[in-house]
Each structure stands twice: as structure tokens, then as C-alpha cells.
Amino acid sequence: MPDRREQKWEERAKSEFGAAELPGRSTPEGIILRPLYTARDLEIRAYQESYPGFAPFVRGPRASMYTKSPWTIRQYAGFSSAEASNAFYHQCINAGQKGLSVAFDLPTHRGYDSDHPRAAGDVGKAGVAIDSVEDMKCLFQGIALDTMTVSMTMNGAVLPVLASYLVAAEEGGFPLASLAGTIQNDILKEYMVRNTYIYPPEPSMRIVADIITYAARHLPRFNSISISGYHLQEAGADSALELAYTLADGLEYVRAACLRGLSVDEFAPRLSFFFAIGMNFFTEIAKLRAARGLWYKLLRAEFNPRQEKSLILRTHCQTSGYSLTQQDPYNNIIRTTIEAMAATLGGTQSLHTNSFDEAIALPSDFAARLARNTQLILQKETDLTYTVDPFGGSYFMESLTHDLSARAEEHLREISAYGGMTKAILNGLPKLRVEEAAARRQARIEKGEDSIIGVNLHPPGPGDQGGALMVRTIDNEEVLSRQIAGLTRLRAQRNGAQVTDALNKLRNAACDPRANLLPYTIEAMRARATLGEVSSCLESVFGRYRAPLAIISSVYAKAMGNTPAYTNICEQTAAFNERHGRRPRILVAKLGQDGHDRGAKVVATGLADMGFVVDLAPLFQTPEEVAKHAVENDVHVLGISSLAAGHNTLLPQLLRALAAEKAEHIVVTVGGIIPPGDVAFLKKVGVAAIFDPGMSITACAREILRLLGERS
Amino acid sequence: MEVQALFSAIRRRERHALAQGITLVESTRSEDRIKADQLLSLVLPYAGNSFRLGISGIPGVGKSTLIEALGGELLRSNPQLQLACLTVDPSSPRNGGSILGDKIRMEELSRHPQAYIRSSPSGGYGGGTAATTQETLLLLEAAGFNLCVIETVGVGQSEIEVSTMVDALLLLLMPHTGDEIQSIKKGLQELAQFIVINKADGELREAAQLTQQRMLSAFKLLAFNGEPLPEVHLCSAQQGSGIENLGRNLIQFSKSQRQSGATAKLRVKQMQQWFAREVSNALSKRFFGEGDNQQRYLQWEAELVAGKLTAGAAARFLFAGHLPPA
């Protein structure tokens, strides 16, 4: 029962509102945020006080937290060639950065050498190209690997990449036991969202377990996995879904490692997590607190470890790339600052802050410096680091932590009903849930329920733009020829028989489920096998995975209801049907090795709901394959989604392929991250329209229909 | 493009022309219908030289995955093959739109230079537009495709419909256990020449074998009228097992049917059926377009529903031009 004071407050608040009911904001997670929380909320939720560094660790993994040493500033970076990235790393270290985090290019992720025909457009674009130990040595030239912690975002080609790192370190004089850092090694989320997998889930889970096992024995300071929710949120998952699926993935990895004969205490302390921090400030703080509490509870219930440190969730965080906008891009600095604060108030162990130009291009040196300074300012100029868990005991924060945990537990129950995450993925459920959430989120923005300044609220006027951005451009051709030269040199200089022998041993090991693949991969890389050779050797045993098709529909339509913009497009497509004898037909496709398909899927479902016939292309297609698809189905429009900077190479190829098929009449549009400087070039080669990431689906549809009207 | 130019380009097997020809045939515009008829009359002399294979099965049984595996295998073992495939996607969110994703399940086949895959949104050949599919077949054949696969979602009526336009119908089934087979097998032996039980792998392998045996023994009991019985195959489209054998038998079947003249006989029968269907469609369209027929139909229907007369009597009164008694 509310006490007298609370009743009085409620009456007064209602009279201030002039309404019979007080408003409550419904979050994407389905939690109602009320205007006031009191001691009674803690009572209802049976809140129990706890301390940082003590179970269930809601208030922090360590007792002293940032009062002893602040979180690690760990900026994710990598582009072009190993030399260029190495120079950039040195620059970052000199400017106060404490840890490195390597971004690899897409062909590396997918296990292709730079000279593979499917790799061309993506080499050196969204990360650094690594083909062998030689590239890896060059990447870390002059960096003390026994003191610098190195994080590597690698999942698909995790074996050859980790192996070449270990060989490069050893050959540089750093013993394995001295290496500290993290390998992402989180394959499950790749099947849900990011799509940089190579093999099917089951052999991939074996590889994960092999690495955890090897690390437990030989790499005492290395985090053998970074269980990542980040990409789930980026792909559209709300915070409860992100939290639940990340923990469910974590449980699955623990099970896999236990099946390899490890005891949970041998490796659980080396598990690390990785979350996204978006603009829902309080929710994100609550998410990190809830994550620690839930992980403790889940791990204890299922595995009952003997050491307490096995139960502690440690995490890296990154501010949300999804929240950044191309319109009014300087606003992104402010967004990133707010998100960085949420991450630190939630008690993260390390943090990456995004550069403000990331919705437009690869980060420039200037933007990367501002991003790093954001964290330095929080650490050095504010009083953020002097008190542990400043929100502890807050009526609101503790209630929200509780409610978010409860929502996440509902999702966790659904996954365990399928028998765990691997089975759920084979069934396609998690991908579907994330895509549904993404379509709902898109609709919330388009209806103005979620405001984005500069996009759906207060867009900048003509005179409001700041100075032109200096974006980083990568000369793809140059990196490509450097890599090809390196591969040629490597193949000429190595002992061919030794390489063949090492690869044969690796293949045999892959056939034997008891063997650990990492030592065999290390030997192959040491003999100077390439990343592509190792990957295709394993592929010959495991096969290459293709995602089952799951298509959501009507989610967008339901969320949009009968808004005028939406109804207007439906009428236009119906009229088009009358005029042309069929509906407007569009092929939505991605090119090259860029697997980020959330945007493409959301657009596809939105357009279909508005009366378009939408063809979906498989992932990882060459321009020629996409052209054939478009021509055979006689589509009116080709909508290409490009998020990984391959557009300047791949789109001209696509237009040439269409011309070769005598299909110049097909209207080509592109959406995604396209730097303004590339627009003129793309228009010149024949791209009809370029849609930026913040554009509503109704606006895209309207423009497409206008273009079609022009052509006919 | 002019019809004559379109025709010549189709004969040269230019993809864009074939694609536009199919669009023309599928179009609901009356101007397009005239052009489509002109085009069809040009292609007709060059059509007919393919093995027409229907593949039917319930959603989720693995039709696209089978076509991917089978098509790849047939192209490997028959270098002269030109394979075309028509698929229909049943997803139809709302507002007439749809999402077609079947090429995602046919990734290898889609990129093969000797394969042409065309997906149509739902309604492509359900009900009144079955003619579209038959006409599309003619275009594909004129372009030189010698294996034409028509994928259809099996929900009863559509198997029957597709069986009237193909030389062989392949029914794809899930492994079943128990009595379900009894209801499935009824009528199948008349409709399908190939029954394939998919997903004969992993946990379902035994169930699949059991299904095969039961099906075979049930067919033996039915084999009294001398009609050839369907072949019953096991396969795993996902893992590729059983595909090679199935492919070989399909090609064998196609050759022997053609040589024995059975295919020609079947196609004559199908042409007659097609004509009869077109005539009855046209008749009903004309009847309902004239005078107050539409309205009188509804009035007689109401009488019928009210139990005042039989359906036969109602139809006779309707055609005799009567109005129901007030």
C-alpha cells in the first residue's frame, strides 16, 4: 500500500499534469518507466542490498572499481595494410591509449586470402588485411606485447588469426604466458546477426571450445572469448534481448568447454563479455548491473563452480554505432559522451568510444582523437571515478535493474525451451526475434515515438552544417596489390613440402573430434601457410555454412498502423500495379563479404508490407551474381545495402555486369554508409539514388516510385 | 522491346529478353495480353523440347533445397543440360506485397551459367492464372531450356493443377510414422511418378526408411489396374545423399517416356485439358459480364441456401434466364 506521503505526491503530480492518470513511458523492452520510484518499489521487488566485489556482483566485479584504476580505454581500430594500422596504433599509444583492439577486414573474417576472387572489393576496407604471420608481425612491429593488452575481433577465421598472433609474438621474443588480451571467438552471435561465420554451428562450437581449452593451459593472461551482445543491439535487439541472448550464448560456451573435459573453474575466470551502450541512459546502466547479477545466478545454478571468481562477469563496452547519424554528424560527439557515461556508471572494465564520423565513413584521425579524448576527459576532468557504483540503492536504478533482469529471464526461458542457443539458432528463432525487434525500432523512429535530433526532429537547416568533414579514404587497389605481392613473396620463400605436411596434419585433426585444432593451426601458420589455406583446409572437412532463410513480415506494417506516409505508399504501389500490370519489384542485395544484413532485412520487410514485391539475394554475392538474379526476375529496382566501404569497387562492377546482361533499364539504388565524397562518383557510374542510413523506409519507397515514374 | 525483337532475343537465350517475356505473360494489363499472345504464337513452333518436371510438397519439406541439390547434380552429370526453374513463394504479408527468398536456398544453382531461376509472387499460378505458368514453360523451351522444373506449394489443389502441365510430378514428403501414411498415399499413385522422402538423415533416418517401406507395400496392394507405380526414393537434400540416384532415374524416365511416345500422348491430353479450362474460364467470365447475371446468380444462390430448391435446379433456372419468385 502506498503511504500517505506517496498518495499526496500522486495527487499533486496529477494536478500538475491535469490528468487522471500519470504517464508512463513504455520502453522497447516492454518495461513501463514511471515518473517516480520510492522505497516501496524496492520492497515489492524484494530488493537485497549487496556490495561491490561481493556476490551477486550487481554493484561491480571488484570492491575498489575505478577508485583504484579507471577502466581501460580500448579503441577498436584497423584499416588498410598492416603497416598503416601499425603506424596508427603507435600514434594512439602515444596519445594515452592503454589497450589495442584490432579490426580485421571482411575477407580475413571470412577466411579468404586477399587474392581470392570473392575478396577483391573488401580488402583493407573495414579493417586491416591479414594473410599470414608476416602481416601479423608487421601489424605489431615495435609494440611490447607483454605489456600492451591486445583485443582481436575475430570469429570465423579465429584459428589462423589467433595462431598467427601467437607465432608472431613468439618470434618477436614474447613468451605465450606473457600475452594479455582478448580474442572475440564468439561464433554464435555471428549466426544471429553479423554473419561473418565460415563453418556450420557444430564444428564452429568445437573450435571455440578448442581455443578456450588451449588458452586455459597456455595463455593464463588471455581472455579466450568475448561473449558479445554488441552486435545484437546494433542489429536491432532491445536491451533485454541483447542481455538474454548474450548470457545464453555464454552458457552454451561454458557447456561446450565442459564437454571438452575442462572444469568450469579452469576457464570461467577468463570469459569476458562485450555489450553495446545505446542512448537509453538508465536502461543501459541497469543492463550492466543486471548482467552481472544474472550471470552469477545462471552459472551457479548450472555449473556450481568452486571459486567465486568463476562467477564474476567482466565486460568491455562500446558506444552504439546504430545511434550515430549521418545528418548533423557533430551531434554524435554528444551521443557518444552520454553513452560513455552510462557504460562507466554501469561499471564496465574497458570501453571503446565511437568516432562521430562513423555513420559516414571510416574514422578520420581527428574524429578518432576526439573519441579517445571523450574518455580521457571523463577519467581526468570529472569526479566519475571517485565513488564505486554511484547509483547503488537508487529506488529507480535498483527497480529498473530488477525489471530488466526479469524481462531477460523470459527470453532465456524461451531459448532453454529449445535446448540451448545452438539448437535455437539451427531453428532460426533468435535471428527472427532480433529482426522483429529491429522492424519495431524502425517503426518507432518513423512514427516519431523515438526522437532523433537532426533526423526526425529539428533537422539542420541549410546554414546549420558545420565545416566539411575530413573523411578517411582507403585506396583499395593499393592495399590489394600490396597484399598480393606479399602473398607471392611468401609462397616463393616458404618450404612448400612443410606447408603441405602441416595442412595435412590439420585436416586429419579436423576429422578427429578429440584433437585440439589450435596447436595444428599454429604449426601450419609457423610454416607460413596462409589464412586462406588453413580456412579452406578446414572447410574441406566441415563445409561452409549457409544460413537458413527466415523472413519476418507484417511487423513493420503493424507498428506503422495507418500513418499517412505509409498509407500513401500502399496506394501508390496499388496504382503502379494497375498501370503496369504488376507490382513494383525490387531486389534487395548485399555485395561482397559484408554480412551486416539488418538494414537490408528491415527495408525488405517494410517495402513488402507496403505492397512491393521484394526479392532477397543470398549474402556474400559477387556483382555478377546479383546482376543475374536481378535480370532473371525482371526487377524494376536493385537496392544495394553497403555498410563496409566496398561500394566504390563493387558498384561500378555491378553496373558493368548489368550492362553486359543488357539490363541498363534496372534502376540501381544504394543505401548504407556512403561518404558524401563518394556520391558524385557513384552517380557518375550510374547509381540512380543514394539513401543515407537515417532515411525512413517510406521516404525510400517514395523516391523509388518517383524514379520508376521518371523511367517509364 | 518489340515482340519480334523480343522473340529473336529469347531464341538467342538472352536472359533479359526471356525475363521480359515472362513478365509480359504474367502481366494483368490487357495491352500486354495482346503482345503476349503474339509472342506465344511466335515461340510455339520452337517449344515442347524439354522434360517438364513438377516438384510439390508442403511448406518446410525442403523443395528449394532439393532443387538446389538435384539441379547441381543434374548439371554436373549432363553437360548439355539447360535448366530452368519456376518457383512460387507463398509469403504474402499484406497490401499485395511479398518477399521472395527462394534463391537464398538455391544459391549454387542460381549462379550456375546454365541455370535460369524465376520466382513469382504468390498467386503466380494459383487458381485462374495456371495458364501463365504453362505459357512461361513455352517461352523457356523456345529459349532452349531442356529441363524445366516447376516448384509448387502442395496444399491439395495445386498438385493436381501442376500435374496437368508436367511430364512427371515429384512429390516431396517428410518422414512420417504411423497412420499418417494411410491418408497420404491415397490418390498419390495416380498423380505422382516420383515420391521422394526427404530428410532421411540424422534422427529421422529410420522414420524415413519406415515410411518408404510402408509406402511401397501399400502401392503393391493397389497395383491391380496395370498402371505404373511411382518410384519411391529416400534422400537428404541437405546432405546430398540419394540425389545422384534420383537424378539418374529422372533422366532415365524422361528418355523412356519420350521414346515410348507416352510423353507425346500425355501432352495431347494436357493440351485438351488446357483448352477446356480456358473455354470454361472464358464462358464463365462472359456469362457474369452480361446483363444482370451476376445479380441473378446471387439471388438463386440465396434461394438455394434457404433450402428452397436443389443446386441443379437453381443452375437450370439461372441459365434459363429466370428470376427467383419474389
Side-chain angles (χ1 to χ4, degrees), chain A residues 543 546-558 566-567 569-571 573-574 577-585 587-588 601 604-622 624-625 627-635 658 661-666, chain B residues 1 9 12 14-33 35-36 60 62 64-65 68 84-87 89 91-108 110-113 115-124 238-240:
Chain A
R546 273 198 257 153
L549 175 69
I551 299 171
I552 53 165
S553 72
S554 302
V555 178
Y556 180 79
K558 269 184 213 135
Y566 173 81
T567 323
I569 301 295
C570 296
E571 286 163 8
T573 54
N577 189 31
E578 286 298 312
R579 232 179 4 260
H580 297 272
R582 62 170 180 152
R583 298 201 153 258
R585 187 163 182 173
L587 171 62
V588 176
K601 289 277 187 73
T605 182
L607 291 177
D609 283 348
M610 290 186 285
F612 282 74
V613 172
V614 182
D615 290 75
L616 276 182
L619 283 174
F620 313 122
Q621 298 289 286
T622 63
E624 292 73 22
E625 287 159 359
K628 180 173 189 272
H629 189 163
V631 169
E632 287 181 355
N633 280 346
D634 196 21
V635 299
L658 284 172
E661 296 267 7
K662 298 192 188 170
E664 293 97 335
H665 57 276
I666 294 177
Chain B
M1 205 185 278
R12 292 193 300 270
E14 289 181 13
R15 283 173 201 285
H16 68 100
L18 182 54
Q20 287 168 40
I22 297 172
T23 300
L24 202 56
V25 156
E26 283 180 349
S27 173
T28 53
R29 276 204 311 188
S30 45
E31 306 93 290
D32 287 343
R33 187 68 258 173
K35 283 190 184 175
S64 305
T65 315
E68 164 89 338
C85 178
L86 304 177
T87 73
D89 201 302
S91 73
S92 178
R94 53 176 72 189
N95 294 319
S98 49
I99 296 191
L100 309 177
D102 31 38
K103 289 210 189 194
I104 294 181
R105 297 196 195 89
M106 295 190 237
E107 194 177 331
E108 291 291 327
S110 302
R111 63 168 77 116
H112 197 288
Y116 182 102
I117 301 175
R118 172 76 168 215
S119 349
S120 295
S122 55
Q238 192 78 56
Q239 297 185 353

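Numbers restart at 1 for each chain; the letters A, B, ... are given by sequence-line order, proteins then strands. If you're wondering where the values come from, they're calculated on a predicted model, not measured in any experiment.
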Fill in the blank from the handout: Highest number of heavy-atom pairs under 4.5 Å with chain B among Val588(A), Asp615(A), Thr573(A), Leu607(A) belongs to Asp615(A)
Practice task
Quick one: pull up NE2 in His16(B) and NE2 in His665(A) and give me the separation to the nearest 0.5 Å.
Solution key: 8.5 Å
Problem - Close side-chain approach of Arg118(B) and Asp634(A), heavy atoms under 4.5 Å - result: yes
Practice task
May I ask you to name which of Glu661(A), Glu578(A), Arg583(A) has the most heavy-atom pairs under 4.5 Å with chain B?
Solution key: Arg583(A)
Practice task
Calculate, to the nearest 0.5 Å, the distance between atoms CD1 and NE2 belonging to Ile104(B) and His629(A) respectively.
Solution key: 8.0 Å
Practice task
Taking only Lys NZ, Arg NE, NH1 and NH2, and the carboxylate oxygens of Asp or Glu, determine whether Arg582(A) and Glu26(B) approach each other closer than 4.0 Å.
Solution key: no
Problem - chain B contacts, top residue of Arg585(A), Glu624(A), Arg579(A) (heavy-atom pairs, under 4.5 Å) - result: Arg585(A)
Problem - chain B contacts, top residue of Val613(A), Leu587(A), Leu619(A), Ile666(A) (heavy-atom pairs, under 4.5 Å) - result: Val613(A)
Handout entry: His580(A), part contacting chain B, at a heavy-atom distance under 4.5 Å
Key = backbone
Exercise for the section: Find out whether Glu107(B) and Glu625(A) are in side-chain contact, i.e. whether some heavy atom of one side chain is under 4.5 Å from a heavy atom of the other. Expected result: no
Practice task
Pick whichever of Gly581(A), Ala574(A), Cys570(A) has the most heavy-atom pairs under 4.5 Å with chain B.
Solution key: Gly581(A)
Handout entry: Region of Glu14(B) in contact with chain A, defined by heavy-atom distances below 4.5 Å
Key = side chain
Fill in the blank from the handout: Okay, Ile117(B) and chain A: the region with an atom under 4.5 Å from a heavy atom over there is both
Exercise for the section: Hey, could you give me the CD1/CG distance between Ile99(B) and Asp609(A), rounded to the nearest 0.5 Å? Expected result: 7.0 Å
Handout entry: Any Glu68(B) side-chain heavy atom under 4.5 Å of Arg546(A) side chain
Key = yes
Handout entry: Sidechain-backbone polar pair: Lys628(A) side chain, Ser110(B) backbone, donor-acceptor under 3.5 Å
Key = yes
Fill in the blank from the handout: Given Thr65(B), Leu24(B), Asp32(B), Thr28(B), the one with more heavy-atom pairs under 4.5 angstrom with chain A than any other is Thr28(B)
